[in-house]
Amino acid sequence: QVHLVESGGGLVQAGGSLRLSCAASGSILTINAMGWYRQPPGKQRELVARIRSGGSTYYADSVKGRFTISRDNAKNTVYLQMNSLKPEDTAVYYCNADARVDFYRDYELSWGQGTQVTVSS
């Protein structure tokens, strides 16, 4: 079982910055991709950014140039640095991890509980 815990959310003014962290714990053999999703009020969850174990990244067009995803493989932790925040970035942010717990089972996707990010205008 892989447990993910996000932190770093909060209230910030437009133009400000926040850094989200997500730590994975449990009996982890290896983690492939880790990602950040968000769910704005009344909308569906959407992919924000994703990073593979080798470091390759993907960003949604809406956050390119403003957000940076990174990870510390030794700590099984993924980060999301969010700069130049806009009111439309307001959402609950969730992290996920595609992890394998042993050689007998395939990779499984786990989710964190979410952290609220609110950007005021």
Side-chain angles (χ1 to χ4, degrees):
Q1 189 76 16
V2 177
H3 187 55
L4 300 177
V5 177
E6 300 105 333
S7 61
L11 173 64
V12 63
Q13 288 188 333
S17 299
L18 283 174
R19 188 189 193 216
L20 305 182
S21 300
C22 173
S25 62
S27 181
I28 299 171
L29 178 63
T30 183
I31 300 177
N32 186 8
M34 301 183 80
W36 287 97
Y37 285 69
R38 66 186 181 187
Q39 187 164 15
K43 296 184 179 180
Q44 291 187 335
R45 192 175 298 189
E46 61 183 13
L47 174 62
V48 175
R50 183 174 60 233
I51 184 168
R52 295 194 178 278
S53 57
S56 61
T57 57
Y58 167 86
Y59 294 94
D61 288 342
S62 59
V63 306
K64 281 181 181 177
R66 300 188 299 123
F67 291 11
T68 302
I69 189 170
S70 62
R71 65 189 281 177
D72 184 333
N73 291 330
K75 295 181 179 180
N76 289 330
T77 300
V78 63
Y79 306 95
L80 187 68
Q81 178 66 43
M82 305 185 293
N83 298 329
S84 303
L85 282 161
K86 305 175 181 179
E88 50 264 42
D89 295 317
T90 295
V92 177
Y93 283 71
Y94 299 89
C95 71
N96 70 7
D98 194 23
R100 195 175 187 184
V101 298
D102 57 45
F103 289 108
Y104 305 100
R105 281 175 279 187
D106 205 346
Y107 286 89
E108 292 183 1
L109 194 64
S110 298
W111 290 87
Q113 81 288 349
T115 185
Q116 177 70 46
V117 172
T118 302
V119 184
S120 62
S121 57

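Judged as a ring-ring contact (aromatic ring centres under 6.0 Å, His included), and not counting sequence neighbours, Tyr94 has no contacts. Take Arg50 and apply the side-chain hydrogen bond (donor to acceptor under 3.5 Å, both in side chains) test, not counting sequence neighbours, and it matches no residue. Residues passing the salt bridge (Lys or Arg N to Asp or Glu O under 4.0 Å) test with Lys64, sequence neighbours excluded: Asp61. Applying the side-chain hydrogen bond (donor to acceptor under 3.5 Å, both in side chains) test to Asp89 and every residue at least two apart in sequence or in another chain returns Arg38, Arg66. Every residue meeting the side-chain contact (heavy atoms from CB on, under 4.5 Å) condition with Ser17, not counting sequence neighbours, appears here in chain and number order: Gln81, Asn83. Shown here are the salt bridge (Lys or Arg N to Asp or Glu O under 4.0 Å) partners of Asp106, two or more places apart in sequence or in another chain: there are none. Take Gln116 and apply the side-chain contact (heavy atoms from CB on, under 4.5 Å) test, not counting sequence neighbours, and it matches Thr90, Val92, Thr118. Applying the side-chain contact (heavy atoms from CB on, under 4.5 Å) test to Ser7 and every residue at least two apart in sequence or in another chain returns Ser21. Partners of Glu88 by side-chain hydrogen bond (donor to acceptor under 3.5 Å, both in side chains), not counting sequence neighbours: none found.
Summarising the geometry, atom OG belonging to Ser25 is positioned 5.5 Å from atom NE2 belonging to His3; distances are rounded to the nearest 0.5 Å.
Here salt bridge (Lys or Arg N to Asp or Glu O under 4.0 Å) pairs that include residues 92-102, with residues two or more places apart or in two chains, are Asp102-Arg105. Contacts classified as ring pair (Phe, Tyr, Trp, His ring centres under 6.0 Å) and involving residues 101-121 (residues at least two apart or in different chains) are given here: Tyr37-Trp111.
In this structure, Ser53 and Arg71 have side chains that are in contact, with non-hydrogen atoms separated by less than 4.5 Å.
Residues Val2, Leu4, Val12, Leu20, Ile28, Ile31, Met34, Trp36, Val48, Ile51, Tyr59, Val63, Phe67, Ile69, Val78, Leu80, Met82, Leu85, Tyr93, Val101, Val117, Val119 make up the rest of the hydrophobic cluster containing Leu18, defined by ILVMFWY side-chain heavy atoms closer than 4.5 Å, directly or through other members.
Both tests hold for Arg19 against Tyr79: distance to the six-membered ring centre under 6.0 Å, angle to the ring axis within 45°.
In plain terms, the two heavy atoms of Pro87 and Ser121 that are nearest each other are CG-CB, 3.8 Å.
Of the possible donor and acceptor atoms, one in the side chain of Thr77 sits under 3.5 Å from a partner among the backbone N and O of Lys75.
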